[in-house]
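Report on one structure; see the data block that follows.
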Amino acid sequence: MDTEPFSHQLRRYRHGQNLSQQALADTIGCSVSLIRKLERGTRMPSRQMVLLLIEVLDLARDAQERFIWSALYAEQHVLDLAAPHYAEQRDLTSTELPPIEWAQVIGRATELATLWSLVRQPDVRLITVTGLGGVGKTCIAQAISESARRVFPRVVVIDLSTVSTQEQLLETVAAACGVALHGSSQARAQLCAALANEHLLLMLDTMEHLLSAATLLADLLQAAPALTILVTSRVRLNLRHEHELPILPLPVPPRDASKNLGELAQVPAVALLLTRVRAIQANTVLTPTTAPLIAGICQRLAGIPLALELIAGWFRVLAPADIYARLDEQLQMLVHGRIDAPARQQTMEATIRWSYDLLSSTAQRLFCCLGVFHGCFSLSAIRTITAQVGLPSAPPVIHDLYWLVTAHLVQQLPVEADETCFMLHGLVREFALRELHSLGLASTVQAATADYFRTTIMQTSPMLDGVPTPAWLQQMDREAPNWRAALAWLQSCGDTTALAELCVALSRYWLTRGQWDEGVRWCQAALQEQAALAYPLSSMLMNAIGTLWIMQGEYATAEPILATALELWQTHDDQLGCLRTANQLGLCAWSQGHLNVARQLLTQAYTVAQRIAPHSRNTANLLSNLGCVADEQGDWAQASAYLAQSLALRVELGDTHGQVIDLVNLGQVTLGAGELAAASEWLTQGQALAEAVGDQMGQAYCVVSLGNIALEHGAYTQARAQIEQGYRLFEQLDDPIGIARAEQMLGMLAHATGSVQQAETYLLQALQRLIAIDTHRGVADLLEHLAAVVTTDARAEEAARLLGMAHALRTRTQIQVCQLDAQRNATTINVLQARLGAHEYQQWFQQGVRVAEHTEVLTALLHTSAQPQKLVG
């Protein structure tokens with residue numbers, strides 16, 4: 001920026017304000033001597049003084065920019081511009097204010113500051129800005145080059161996109177630098193000699209296709225000690241002393257992006273998209289409706305600036321919802337670029353193809369094969385799959401992969417895993433997959449990919465009854481998009497056996513991660529062709545889907561499937577299979593309040609387990625379930641003994657997830673017995689272990705129960721925080737029983753704090769959830785809590801009837817009231833008898849008993865209020 005010297009500007013602006021040097025000095029608090037030196041140009045101001053002067057002299061916005069530049073960036077280098085060793089003398093440390101040009105580059109403050117620092121270091125003389133095509137390398141380098149005119153006597157910028165040979169590169173650089181070449185035999189030496197004494201920044205834009213000619217740059221740097229070269233390239237040049245600055249796509253909003261529109265607008269990818277859209281439609285603003293769509297568009301386009309600029313044009317034609325819906329075919333949408341842009345940047349496909357065409361034929365083929373991967377993939381996956389399509393699995397694949405990563409077509413992921421992982425951006429992947437189809441290899445590679453993930457998961461999965469390790473779960477999380485694609489491929493091919501095998505192998509993952517809906521959906525898809533499945537795969541699949549149904553509270557749906565599986569196990573005299581499924585059937589019976597049936601099934605299975613697998617996870621599961629049944633039957637000593645035995649066995653087996661279950665149940669048993677300190681200890685251990693192993697469900701039950709303990713202690717603020725935390729976790733898991741449990745606790749908390757109406761609302765919501773999934777577990781508890789609430793509200797007759805209904809349900813199911821609730825119920829009964837009299841209380845109580853004897857009447861009663869809705873934010 002060519003500006004009037006600072007000393008002249010200061011004097012002119014001071015006169016404009018009718019200030020003497022003394023008056024100005026007094027106003028800003030410095031000596032008049034300093035003002036004189038500033039106006040003579042023998043001293044330069046500090047940044048703080050510049051800001052003070054701007055305020056005192058009341059400078060306009062455009063004047064402020066020139067004033068700042070002349071003070072801090074222009075004149076501080078004037079003294080030594082002509083010195084032969086200027087590169088060693090220039091002050092390259094000041095980064096107080098960013099150059100004005102940087103404001104044009106949205107979301108790149110860090111990259112610009114880093115590159116600015118490199119350009120201004122005398123010992124850094126070759127900088128290569130690398131990145132995927134369309135990521136903004138040229139824009140960043142041009143902004144820096146423009147800023148560098150303040151510290152370099154000469155800056156030369158050259159676009160190399162139309163240069164194709166080493167000779168053309170030399171001639172283009174010479175012409176741009178004003179060097180006349182005489183003959184071609186010594187042209188390189190002539191250029192080196194001409195630039196030997198130049199203090200110059202040479203910016204070479206788009207050099208990835210001229211790597212073989214890069215030795216010219218090495219010769220120039222050797223001949224010209226004051227020369228700095230800034231290069232943009234999709235790959236590094238691999239020259240000595242080269243400093244690479246990789247440019248990544250712009251940050252995009254997280255999946256759980258803030259609902260604050262102001263915060264969302266500041267996310268770099270969103271800011272760029274909005275800026276480009278507003279250039280077309282000036283009145284475009286974020287609204288609660290469009291914000292998630294804008295965020296989704298930025299996420300789908302991976303924050304690639306060129307892609308965001310190309311999609312912006314569609315806002316003239318389509319609504320954000322329509323644009324988002326059409327992004328499954330991104331390359332078809334990302335067209336119509338600026339006509340003054342290079343041809344390779346007028347569509348996203350052309351940008352990617354420019355990089356693709358620079359690859360060797362084997363690297364191109366490897367790249368196309370990688371298009372089948374969704375999300376991340378490992379080196380072993382690459383080797384296995386490419387070997388099936390004729391690509392060698394020896395070093396050549398590694399070398400081709402090296403060039404793909406170097407060219408930023410493939411991204412290496414910084415994950416903590418035993419093996420390096422890679423991924424392709426969605427746009428790049430779409431291009432690669434299209435090319436794979438054009439090669440006629442898509443079906444072959446997709447089949448190989450599905451087979452790889454099926455085989456790998458079957459070999460590593462703990463199956464339904466195994467113990468998932470944190471490392472296995474994390475690997476499954478990373479590779480989820482790939483095995484989901486494998487499921488879809490196997491289904492589309494009609495390979496029912498392979499689909500069922502993969503579903504069984506994934507069952508433990510779905511159970512542990514709480515992804516029951518997905519598990520049921522895929523298992524049902526495989527089970528539709530049950531006749532095609534051989535034993536024992538068919539019974540294993542039915543056991544898996546039955547278990548998933550149980551986790552969703554769909555006990556009536558789970559029972560017939562599990563009963564069929566049990567018949568198959570019995571037909572083939574498979575005792576281990578029988579005890580596994582009998583355990584699940586016992587769990588179904590327990591969950592529906594059939595405690596005697598549940599205990600009988602579980603005891604029979606436990607007898608078999610002691611004989612054939614005494615130190616197994618199956619045995620621990622049976623002990624744990626027997627403990628839960630004994631708890632609800634009021635046999636609390638036996639319940640604690642079963643659970644303690646199960647916990648010890650799980651510790652021996654290293655079953656951390658099972659330990660969480662037993663710690664939760666031990667906490668519940670001791671809490672029900674009123675032993676709050678012991679319950680808190682069990683639950684605190686359970687919460688810590690659940691967090692360590694990523695067991696979200698275990699964590700949810702622990703924090704809700706700890707909230708219950710806080711409630712009993714009268715620590716209402718702590719109780720609310722813990723119960724609401726558990727509520728949100730249950731919501732994420734879509735666990736209706738867990739949500740009902742949290743709502744019950746919130747109702748008790750509201751009652752304790754005097755919010756009677758809110759308490760009743762919470763408790764009715766919880767009742768509706770349990771009735772909707774046809775379970776009697778917890779219904780009696782809720783009716784008793786609801787009775788306590790409406791007693792406070794002077795609805796004594798209704799409260800007495802509710803207690804009668806609860807009594808009838810407990811009689812039918814043999815579910816006993818815990819000691820803690822028994823004390824609360826006794827208080828409620830005493831209040832009601834005092835209000836109604838013993839005789840009238842008993843009449844209303846018996847009416848409740850008669851109502852509960854007819855399940856349909858109870859169901860109708862509990863559905864009189866509104867349908868369940870979200871009550872916690």
Side-chain angles (χ1 to χ4, degrees), residues 450-451 453-466 468 472-473 476-477 479-569 572 574 576-578 580-588 591 617-618 621 657 696-697 733-737 773-774:
D451 183 66
F453 284 104
R454 180 186 63 84
T455 303
T456 302
I457 293 173
M458 288 179 62
Q459 291 172 348
T460 60
S461 171
M463 298 295 184
L464 189 63
D465 300 304
W472 181 78
L473 289 169
M476 295 298 294
D477 288 340
E479 295 184 342
N482 286 310
W483 53 253
R484 287 188 175 113
L487 287 166
W489 174 260
L490 293 172
Q491 183 183 29
S492 68
C493 294
D495 193 343
T496 305
T497 297
L499 179 62
E501 288 174 342
L502 185 51
C503 286
V504 171
L506 286 167
S507 59
R508 173 49 54 187
Y509 175 84
W510 284 322
L511 284 166
T512 305
R513 288 297 193 230
Q515 297 173 4
W516 310 315
D517 279 340
E518 179 181 28
V520 165
R521 185 171 67 254
W522 283 114
C523 287
Q524 282 185 312
L527 201 59
Q528 286 176 355
E529 303 295 334
Q530 183 178 344
L533 300 177
Y535 173 86
L537 179 59
S538 56
S539 48
M540 292 171 67
L541 181 63
M542 285 185 278
N543 203 48
I545 193 173
T547 304
L548 288 163
W549 277 126
I550 288 174
M551 297 306 292
Q552 292 181 294
E554 299 287 349
Y555 309 113
T557 307
E559 272 188 324
I561 295 174
L562 291 169
T564 303
L566 182 60
E567 291 176 5
L568 282 171
W569 296 124
H572 292 83
D574 189 326
L576 183 59
C578 285
R580 288 171 176 165
T581 304
N583 179 39
Q584 299 306 102
L585 283 168
L587 188 57
C588 266
S591 300
R617 190 170 182 273
N618 291 304
N621 288 340
H657 288 277
Q696 195 173 12
M697 173 169 287
L733 292 166
D734 195 23
D735 178 6
I737 294 177
I773 58 176
D774 192 25

Evaluate the side-chain contact (heavy atoms from CB on, under 4.5 Å) criterion for residues L541 and C523: first the C-alpha distance (whole Å), next the side-chain angles of each, then the deciding distance (0.1 Å), finally the verdict. CA-CA 7 Å; L541 181 63; C523 287; 3.9 Å; yes

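- Between Q524 and W549, the shortest heavy-atom distance links the atoms NE2-CZ2, 3.5 Å.
- Side-chain atoms of Q515 and Y509, non-hydrogen and from C-beta on, do get closer than 4.5 Å to each other.
- Among all heavy-atom pairs drawn from L562 and C588, the shortest one is CD1-SG, 4.2 Å.
- Without hydrogens or angle criteria, S507 side chain to V504 main chain gives a donor-acceptor distance under 3.5 Å.
- Listed here is the closest heavy atom pair of L585 and E559: CD2-O, 3.8 Å.
- Note on ring orientation: taking the six-membered ring where Trp is involved, the planes of Y535 and H572 are parallel (angle under 30°, cut-offs 30° and 60°).
- Atoms CZ and NE2, from R508 and H657 in turn, are 8.0 Å apart once rounded to the nearest 0.5 Å.
- Of all the heavy atoms in N543 and T547, the pair that sits closest is O-OG1, 2.8 Å.
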May I have the step-by-step check of side-chain contact (heavy atoms from CB on, under 4.5 Å) for I550 and L548, ending in yes or no? CA-CA 5 Å; I550 288 174; L548 288 163; over 6 Å; no

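- Looking only at side-chain heavy atoms (C-beta outward), W522 and L499 come within less than 4.5 Å of each other.
- Looking at W569, its side chain never comes within 3.5 Å of a backbone N or O of S539 through a donor-acceptor pair.
- Atoms OG1 and OH, from T557 and Y555 in turn, are 11.5 Å apart once rounded to the nearest 0.5 Å.
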Check the pair D735 / W516 against side-chain contact (heavy atoms from CB on, under 4.5 Å), numbers first and verdict last. CA-CA 9 Å; D735 178 6; W516 310 315; 3.7 Å; yes

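- Without hydrogens or angle criteria, S492 side chain to W489 main chain gives a donor-acceptor distance under 3.5 Å.
- When side chains are defined from C-beta on, L487 counts as touching C503, because their heavy atoms get closer than 4.5 Å.
- Annotation: salt bridge (Lys or Arg N to Asp or Glu O under 4.0 Å) contacts of R513 (sequence neighbours excluded): D477.
- Residues N618 and N583 have side chains not in contact (no heavy-atom distance under 4.5 Å, counting atoms from C-beta outward).
- Between M551 atom CE and I737 atom CD1 the span is 8.5 Å, to the nearest 0.5 Å.
- Under the salt bridge (Lys or Arg N to Asp or Glu O under 4.0 Å) criterion, E518 pairs with R484, not counting sequence neighbours.
- Between N482 atom CG and M476 atom CE the span is 10.5 Å, to the nearest 0.5 Å.
- Here the shortest heavy-atom pairing between Q491 and A525 reads NE2-CB, 3.6 Å.
- Side-chain contact check for L533 versus M542: every heavy-atom pair is 4.5 Å or farther apart.
- Checked by atom type and distance alone, the side chain of T581 never pairs as donor or acceptor with a backbone atom of L566 at under 3.5 Å.
- The shortest non-hydrogen separation linking L733 to M697 is CD1-CA, 3.5 Å.
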Applying side-chain contact (heavy atoms from CB on, under 4.5 Å), run through I457 and E479 and close with a yes or a no. CA-CA 10 Å; I457 293 173; E479 295 184 342; 5.6 Å; no

